[in-house]
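Quick notes on the structure that follows.
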Amino acid sequence: MNGTTDQTRHQDRVWSVAEHLDDVLSKIDPLDPIELQLLDAQGCVLVEDITVPVALPPFDNSSMDGYAVRAADVADATESAPAVLTVIGDIAAGSGELPGIEPGQAVRIMTGAPVPPGADAVVPVEWTDGGTGQGPAATMRAHSAAPQDAGGEVRVHRPAAAGAHIRARGSDVTEGEPALRAGTVLGPSQIGLLAAIGRGTVRVHPRPRVVVLSTGSELVQPGEALGPGQIHDSNSFQLTAAARDAGAIAYRVGAVADDAETLRSTLEDQLIRADILVTSGGVSVGAYDVVKETLAALSAEEGTVEFRRLAMQPGKPQGFGLIGPDRIPLLALPGNPVSSYVSFELFVRPAIRALMGLPEVHRPTTPAKCTEAVASSPKGKRQFLRGSYDAEAGTVTPVGGAGSHLIKAMAHANALIIVPEDTTEVPAGAEVDIVLLG
Ligand code: AMP
Ligand code: MG
């Protein structure tokens with residue numbers, strides 16, 4: 001499938017960051033919606049308009065602990081001449097049986113309990129003697145005690161207007177009203193609303209399952225001792241964490257040796273559980289660049305992965321394509337840890353978020369004043385330097401150098417400083433655009 005003059009020329013050209021990103025996003029659609037339990041849908045995008053089936057609150061209820069009364073009975077109540085009412089019972093939250101209230105009567109009522117027929121106001125317990133026959137001081141204690149004896153009395157020291165301390169049925173939302181629109185990202189309060197209106201499940205774009213695998217015969221799992229020439233596999237951990245951070249369900253596959261057959265069979269095995277595949281390493285022009293060798297040579301049936309050079313530093317070599325019977329997107333990132341992470345942030349994160357149908361797929365950017373000069377940024381390439389951003393001061397300070405092996409500097413950065421293609425140096429104090437890594 002490769003090797004035509006056209007194809008070769010095509011692959012030889014240098015792609016801009018924007019062109020590569022556009023190509024990736026143009027081939028990615030949101031995942032088919034599924035019905036999820038509310039908490040499993042957190043962070044996901046709703047694909048249905050949700051209508052309120054029953055009003056909230058569903059019934060008039062008390063907003064205070066106190067006494068349900070007829071407002072007319074307490075209209076003239078004062079501190080020295082309290083209204084004296086007969087307490088005919090107790091209504092707790094969740095109570096289904098409601099005594100009707102006649103003139104001169106009251107019911108002790110708790111917050112959230114239904115207002116009984118006949119009552120049109122609630123007098124907070126603090127405005128009464130709590131049915132003790134004593135002053136208001138004893139009322140709080142009395143109110144939390146055992147049910148008040150029916151037939152007892154309560155003294156009400158202040159008038160309450162009709163409707164006072166009653167949360168009317170439908171005062172939050174009414175039946176048939178739209179609750180949430182399709183496209184809403186479900187955060188805690190949206191999930192709270194769905195639960196309140198009785199929804200147990202919702203239709204959303206699911207979180208994509210991202211399979212991360214690193215390649216390199218030099219790689220050893222953290223926790224294990226290094227032999228000569230070996231290093232610990234950090235990329236698969238960093239990228240898996242980044243995939244989770246982007247909203248995905250991430251699966252880390254251990255490092256795969258630089259062997260075409262192993263890589264091929266590992267990818268085949270992983271396809272079944274992947275909505276997107278991410279590899280690191282093996283995409284340059286070295287002798288053992290097995291990802292490129294293997295994936296550039298797939299049969300038409302197996303898929304197509306294109307390897308290209310980007311006008312970008314770090315992260316020049318990138319592979320992207322669709323593989324397997326379901327044409328799962330695969331992004332092959334360079335192996336240097338900073339390159340792979342920057343590539344993830346720029347290309348994989350947006351791809352994950354596009355699969356989720358999120359309205360905003362990119363990290364936010366902001367201008368900032370660069371506190372130090374940047375000398376000799378490569379001409380013709382967009383450079384992403386690691387930076388420490390001080391939001392209060394509006395400044396960013398480069399951390400570490402441009403080397404794509406500087407893992408520690410990356411860990412101490414919270415931003416990427418963008419040095420545009422045609423800029424070769426940035427004087428101290430100049431304004432730059434930065435990507436906020438959150
Ligand atoms: P490659 O792209 O495979 O040629 O790798 C470029 C550089 O990144 C080499 O120095 C590798 O040892 C290093 N590297 C590749 N994969 C990883 C990884 N998973 N963790 C840490 N370093 C890596
Ligand atoms: Mg390698």
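Not a single donor-acceptor pair under 3.5 Å links the side chain of D258 to the backbone N or O of V290. Between the H205 side chain and the L31 main chain, a donor and an acceptor come within less than 3.5 Å of each other. Judged by distance alone, with hydrogens and angles left aside, the side-chain atoms of D259 form a donor-acceptor pair with the main-chain N or O of T262 at under 3.5 Å. The closest donor-acceptor contact from the side chain of S284 to the backbone of G286 lies at 3.5 Å or more, if one exists at all. In terms of modelled atom types and a separation under 3.5 Å, the side chain of D233 and the main chain of S236 share a donor-acceptor contact. Under the 3.5 Å distance criterion, the side-chain polar atoms of N414 are left unmatched by any main-chain donor or acceptor of L437. Remark: side-chain polar atoms of D433 are not paired, donor with acceptor, to backbone N or O of I418 under 3.5 angstrom. When atom types are taken as modelled, the side chain of R386 and the backbone of G401 share a donor-acceptor pair closer than 3.5 angstrom. Under the 3.5 Å distance criterion, the side-chain polar atoms of D269 are left unmatched by any main-chain donor or acceptor of T266.
Here the closest non-hydrogen pair linking E301 and R327 is O-NH1, 3.1 Å. Counting all heavy atoms, side chain and backbone alike, S343 lies closest to P334 at OG-CD, 3.7 Å. The nearest pair of heavy atoms linking P57 to A168 is CD-O, 3.3 Å. Annotation for I417 and G387: closest pair CD1-CA, 3.9 Å, computed over non-hydrogen atoms. For R207 against G43, the heavy-atom pair with the smallest separation is NH2-CA, 3.8 Å. Annotation for V47 and A182: closest pair C-CB, 3.7 Å, computed over non-hydrogen atoms.
The stretch residues 346-372 participates, sequence neighbours left out, in these ring pair (Phe, Tyr, Trp, His ring centres under 6.0 Å) pairs: H20-F347.
A salt bridge links E175 with R169: at least one charged nitrogen is closer than 4.0 Å to a carboxylate oxygen. E302 and R264 are joined by a salt bridge, as a carboxylate oxygen and a charged side-chain nitrogen come within less than 4.0 angstrom of each other. Ionic pairing of E19 and R13 is present here: one or more N-O contacts between side-chain nitrogen and carboxylate oxygen are shorter than 4.0 angstrom. Ion pairing between D12 and R308 fails under the 4.0 Å rule for side-chain N and carboxylate O. Comment: E421 engages R382 in a salt bridge, judged by a side-chain N to carboxylate O separation of less than 4.0 angstrom. With respect to the salt-bridge test (charged N to carboxylate O, under 4.0 angstrom), the residues R363 and D245 qualify.
Cation-pi check for R349 over F344 is not met; the charged atom does not lie both under 6.0 angstrom from the ring centroid and within 45 degrees of its normal.
In this structure, V212 and F237 have side chains that are not in contact, with every pair of non-hydrogen atoms separated by 4.5 Å or more.
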List the steps and the verdict of side-chain hydrogen bond (donor to acceptor under 3.5 Å, both in side chains) for S214 and N235. CA-CA 7 Å; S214 52; N235 288 354; over 6 Å; no
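Not a single side chain to side chain donor-acceptor pair (under 3.5 Å) links T279 to another residue, sequence neighbours left out. Taking the side chain to side chain donor-acceptor pair (under 3.5 Å) definition, one finds that Q383 meets it with Q313, S377, sequence neighbours left out.
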